[in-house]
Amino acid sequence: MNELLILNYKLLTLSIFSNVLKDSAITALMGVFAYSSKSLSECMLYYSKFLKVLYESPFEGDFSLYLADLIKHDENVFTKGEASGRTLSEEIINSARRELQTLGELALLSPQKIKEVLDNQFSGSKEILSLAGDFKTNGTAVGFDELRTYVRENCWGIFAKYGAFFYTKENILKPVGKTDEITFKDLKDYKTQQNTLIENTRLLLSNKSANNILLYGDRGCGKSSSVKAVYNEFKNQGLKIVQILKNDLANLDGLLEHLSNIPARFIVFIDDLSFSQEDENLSAVKSALEGAISKRSDNVVIYATTNRRNIIKETFSSREGNEVHLSDTIDENASLSDRFGITLTFMSPNKAKFIEIARKIAQDKNIPIGDDFDIQAERFALLKASRSPRVAQQFINGYQN
């Protein structure tokens with residue numbers, strides 16, 4: 001029996017790494033391997049589909065790298081067990097070793113070997129086969145010890161491949177391929193607040209008790225940017241970030257429970273947090289911060305931003321309600337912010353500090369500062385009715401010396 005047919009049968013025995021076989025490139029390649037039941041045109045069609053996926057991947061035609069990426073980021077009983085530090089059964093360990101050897105054979109496959117086998121099967125096809133494209137292979141495979149070390153250091157599946165996620169209303173974690181690369185160097189002023197955020201995140205990464213943090217203050221002062229900057233500060237140390245939108249906060253408890261079972265450290269990011277008094281999401285957030293019967297997981301913190309000190313919006317009519325203990329209701333509405341262990345305040349700078357921030361931004365961009373710089377900066381701030389760092393950045397974007 002031909003070696004490609006044998007390899008095809010070996011691949012069909014995969015159980016732990018069976019998800020690899022569902023990949024579109026691997027599925028197409030196995031279609032080529034089963035050539036004995038196909039015509040040459042069918043084999044060529046499968047081979048072309050394989051190359052198309054491979055060429056369009058981030059690995060641009062390198063099959064060894066493509067397959068290694070599939071294996072390293074597969075979510076299965078072996079990778080999840082190793083990443084979690086569990087002791088796996090001998091049967092699982094032995095099967096993982098054997099299946100990685102099979103996938104190693106696949107990694108060694110060359111386009112020349114495929115064309116050679118097809119030429120032997122379909123006589124007189126060499127000229128046609130020569131028109132088919134090629135792919136690169138570096139002859140290396142992911143070994144058992146290499147994979148074990150990788151998942152122990154990086155987690156499993158999408159949590160090893162990505163660091164940032166959106167939590168959707170369908171209760172799905174959607175990876176974010178490209179994130180905002182802002183750093184604390186880009187943010188001017190508010191160093192005390194930023195240092196508190198950094199130190200609290202260090203506690204999280206050190207398996208020590210860390211606080212949920214509320215970042216409160218004026219618009220454009222760097223609250224959201226500080227959260228993104230602290231993620232960028234520690235993402236190479238395994239920190240992950242998950243953003244959940246206000247409208248999806250009813251699912252917050254489910255998200256926290258899901259993350260508690262993953263051996264990684266997470267920031268759950270809620271931007272622009274505020275509620276009306278009738279908002280059904282309010283109780284979910286209160287429960288997540290304090291009040292749930294379940295113990296809070298040590299691997300997750302919530303960082304939320306708001307422009308309001310009292311996150312629950314009150315109206316004059318709400319203060320004129322007909323409840324007997326109205327003051328208790330008002331206290332409860334004002335207390336949500338108190339459920340965060342730390343509150344960091346970001347207030348708009350005064351005139352002198354605003355100009356100082358604008359000057360620092362200009363210097364970072366190597367923009368010459370003219371004699372009337374301060375006057376132009378203040379005039380711009382007055383037009384915008386704000387002296388926030390965001391306004392300073394907007395001023396610099398359009399500044400002409």
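Computed over heavy atoms, backbone and side chain alike; hydrogens, waters and symmetry mates excluded.
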Flag, side chain of Tyr47 to backbone of Gly133, donor-acceptor distance under 3.5 Å: yes

OH/Tyr231: more than 12 non-hydrogen atoms of other groups inside 6.0 Å: yes

Plane angle bin for Phe159 and Trp156 - parallel if under 30°, tilted between 30 and 60°, otherwise perpendicular: perpendicular

Thr168 backbone acceptor or donor facing Asp248 side chain under 3.5 Å: no

Distance-only donor-acceptor check, side chains Gln393 and Asn397, under 3.5 Å: yes

Lys72 with Glu146: basic N within carboxylate O range, under 4.0 Å: yes

Note: Asp364-Lys185 ion pair, threshold 4.0 Å (strictly below): no

Neighbour count >12 (heavy atoms, 6.0 Å) for atom CD, Glu42: yes

Minimal non-hydrogen separation, Leu11 against Leu21, with atom names: O-CD1, 3.1 Å

Arg202 with Glu199: basic N within carboxylate O range, under 4.0 Å: yes

For Asp272, all residues meeting salt bridge (charged side-chain N to carboxylate O under 4.0 Å, His left out), sequence neighbours excluded: Lys246

Closest non-hydrogen atom pair, Ile355 against Asp374: CG2-OD1, 3.3 Å

Main-chain N/O of Glu116 paired to Asn120 side chain as donor or acceptor, under 3.5 Å: yes

Distance-only donor-acceptor check, side chains Arg152 and Thr149, under 3.5 Å: no

Rounded distance [0.5 Å steps], OG1 in Thr13 versus CG in Asn8: 10.5 Å

Neighbour count >12 (heavy atoms, 6.0 Å) for atom CD, Glu90: no

Centroid-centroid under 6.0 Å between Phe395 and Phe373 rings: yes

Asp186 (side chain) donor-acceptor with Thr183 (main chain) under 3.5 angstrom: yes

Flag, side chain of Thr137 to backbone of Ser110, donor-acceptor distance under 3.5 Å: no

Whether over 12 other heavy atoms sit under 6.0 Å from Lys169 NZ: no

Lys115 atom NZ, neighbour heavy-atom count above 12 within 6.0 Å: yes

Distance-only donor-acceptor check, side chains Ser388 and Ser348, under 3.5 Å: no

Pairing residues for Ser15 by the side-chain hydrogen bond (donor to acceptor under 3.5 Å, both in side chains) criterion, not counting sequence neighbours: Glu99

Asp271 and Ser224 side chains, donor-acceptor separation under 3.5 Å: yes

Thr192 versus Asn195, side-chain donor and acceptor atoms under 3.5 Å: no

